[in-house]
Amino acid sequence: MQKKERIYYLFSQFRKSQLSVTELAEWKLVLEDPTTENVLNDLMEDLWNNANDDIAPLDIENAQFIYQRVVLQKQNSSRQKILYLKWIAAAAILLIVGAIGFYTLTIPKGHLTKKDAVFSLEPTDYTTVDQPILYIEGNKKIKLDDVALGKIYEDNAFVVSKIKEGAVEYKAKFQNISSRAIQYKLIVPRKRTYEICLSDGTKVQLNAESSISFSDAFRFDRIVALDGEGYFDVTHKEYLRSKPSPFSVKTEKQKVTVLGTAFNMRAYRKETESTTLLRGKVLVEPLAEKTSQKHELVPGQQLKFENNTIFVNRVDVDRSISWLDGDFYFNGIRLDQVMRELSRWYDIDVDYKSLPNTKKFYGKIRRTSSIEEILVAIESTSDVKLIMKGRRIMSLN
């Protein structure tokens, strides 16, 4: 096989991630050999001119690896070497641009590119949801209580399995998956919690009346959207050998970015948002224009948004995640805040306008207690009188 044909063959195999070990070593020598510059220039020109052809895209990770390796390496003083590195850097950039362009053109209907991936933070009417539900691309709906353990969804790249009651897991079939973005949303109704293991190994425990939206394109920027409350145990991940891949959680008011960390986020609508860090390090970025300053938290700290004001304090983190152990923990909160917690877990309606909010409540109560037991406990520790008619609670004060 002639030299030019061989180089074209190696490049084709490289773009399809089908190089053997021997061929990969040969391909690296081609890139390092200045005498192949003319052939590689022709190859780049063909690549650009044939951008509309239906050919397999270069994997984004491989393209970024080439770019990082070429652009960031030290150049020596040799004029020939400098000229060569300038060319190879340009080629690497073209590979990346070409890869994105090819993928945009050849992506199947119903798939989004990573660049176009957006997550809906629109409110969910949890009162209409009777069990945890997984939505795929907004049209496929899986009621998780109704399916047996094992595989519940599969496509050509990913498998979703129900690994136990109250938990699902995502797994990639292959190590290198082209960057795509199929949208998923997991909704957890009142009276329930649910666990999800994302494709990068990150585990998320969702509290009652909560949802998480994400895509399966967990290649570089791992981003999810949270409504409600969730505990995140984030897997440390690197996409370019030594460069960490960040993990971000977006809510209505904040964006939290981490590397490898465990933290709890509360983002219930019309309530105080908070982020509590258990281990590692997070960067909290307020999304409101008036509070644009970023805050870096260390373990044991909690950041709260109250009336467009940010407060950072040290807290007892075990109390912040008491819900994971099946407890309510009230630490000097108003009655309306207590009742919001109870409404989510016991699926009750509350007449909030009737509630007196002059008293603070403290205490720890098991979630296995009945709502009647909790109402009695509230009345016995205060002068509040509560009545329950059907599923609705109001105060007589």
Side-chain angles (χ1 to χ4, degrees), residues 117 119-121 124 132 134 160 163-164 166-171 183-188 192-239 244-269 271-287 294-305 312 315-326 329 344:
F119 302 110
S120 172
L121 286 173
T124 298
L134 177 66
V160 184
I163 55 176
K164 63 181 179 181
V168 292
E169 179 183 58
Y170 283 72
K171 279 192 175 181
Q183 300 288 312
Y184 298 87
K185 184 174 185 179
L186 174 61
I187 298 176
V188 182
R192 300 290 295 273
T193 62
Y194 216 86
E195 177 184 327
I196 180 171
C197 183
L198 302 175
S199 60
D200 67 336
T202 292
K203 293 182 179 180
V204 185
Q205 184 78 29
L206 293 174
N207 204 348
E209 207 170 80
S210 300
S211 66
I212 186 171
S213 302
F214 59 98
S215 80
D216 55 19
F218 268 18
R219 301 291 289 159
F220 310 111
D221 294 328
R222 301 174 289 166
I223 303 174
V224 303
L226 174 70
D227 180 47
E229 184 170 15
Y231 174 79
F232 293 79
D233 193 345
V234 179
T235 299
H236 179 77
K237 185 178 177 66
E238 295 179 353
Y239 71 83
S245 172
F247 185 100
S248 298
V249 184
K250 296 184 71 173
T251 69
E252 187 178 19
K253 297 179 181 178
Q254 61 179 315
K255 176 183 177 182
V256 174
T257 301
V258 305
L259 297 179
T261 266
F263 62 100
N264 192 77
M265 288 185 71
R266 281 180 65 92
Y268 288 112
R269 294 178 183 271
E271 297 184 34
T272 298
E273 282 201 16
S274 66
T275 298
T276 307
L277 182 62
L278 281 77
R279 69 171 187 269
K281 185 184 296 184
V282 300
L283 183 67
V284 183
E285 179 183 354
L287 299 181
K294 297 180 181 180
H295 297 265
E296 189 175 279
L297 301 185
V298 298
Q301 286 187 325
Q302 181 183 80
L303 182 146
K304 280 188 175 183
F305 289 86
V312 178
V315 296
D316 183 340
V317 295
D318 290 335
R319 295 177 179 178
S320 298
I321 59 171
S322 60
W323 64 274
L324 291 172
D325 297 322
Y329 186 84
R344 281 189 280 267

Item checked: Least distance between heavy atoms, Gly228 atom then Ser210 atom -> CA-OG, 3.5 Å

Checklist line | Closest non-hydrogen atom pair between Gly280 and Pro299, with its separation | finding: O-CD, 3.4 Å

Item checked: Any residue meeting ring-ring contact (aromatic ring centres under 6.0 Å, His included) with Phe232, in chain and number order, not counting sequence neighbours -> Phe263

Margin query: Return the CZ to CG distance between Arg192 and Leu206, rounded to the nearest 0.5 Å.
Written below: 12.0 Å

Next item on the list: Just jot down the side-chain hydrogen bond (donor to acceptor under 3.5 Å, both in side chains) partners of Gln254, sequence neighbours excluded, or say none.
Entry: Glu273, Thr275

Item checked: Any residue meeting side-chain hydrogen bond (donor to acceptor under 3.5 Å, both in side chains) with Asp318, in chain and number order, not counting sequence neighbours -> none

Check: So, for Trp323 and Gly230, which heavy atoms are closest and what is the spacing to 0.1 Å?
Finding: CZ2-C, 4.2 Å

Checklist line | Closest approach of Gln301 to Leu297 (non-hydrogen atoms, all atoms of both residues) | finding: OE1-CA, 3.4 Å

Next item on the list: Examine distances only and state if a side-chain atom of Ser274 and a backbone atom of Leu303 form a donor-acceptor pair shorter than 3.5 Å.
Entry: no

Check: Any idea which heavy atoms bring Ile321 and Leu278 closest together, and the distance?
Finding: CD1-CD2, 3.5 Å

Notebook entry, point to check: Residues in side-chain hydrogen bond (donor to acceptor under 3.5 Å, both in side chains) with Ser248, at least two apart?
Noted result: Thr257

Note to self: Can you tell me how far apart CG (Leu186) and CD (Glu195) are? Round to the nearest 0.5 Å.
What the structure shows: 11.0 Å

Margin query: Using every non-hydrogen atom in the two residues, find where Thr261 and Lys281 come nearest and quote the distance to one decimal.
Written below: OG1-N, 2.9 Å

Checklist line | side chain to side chain contact (heavy atoms under 4.5 Å, CB included) involving Glu271 - partner list, sequence neighbours excluded | finding: Arg266, Tyr268, Arg340, Arg344

Check: Who passes side-chain hydrogen bond (donor to acceptor under 3.5 Å, both in side chains) against Tyr231, sequence neighbours left out?
Finding: none

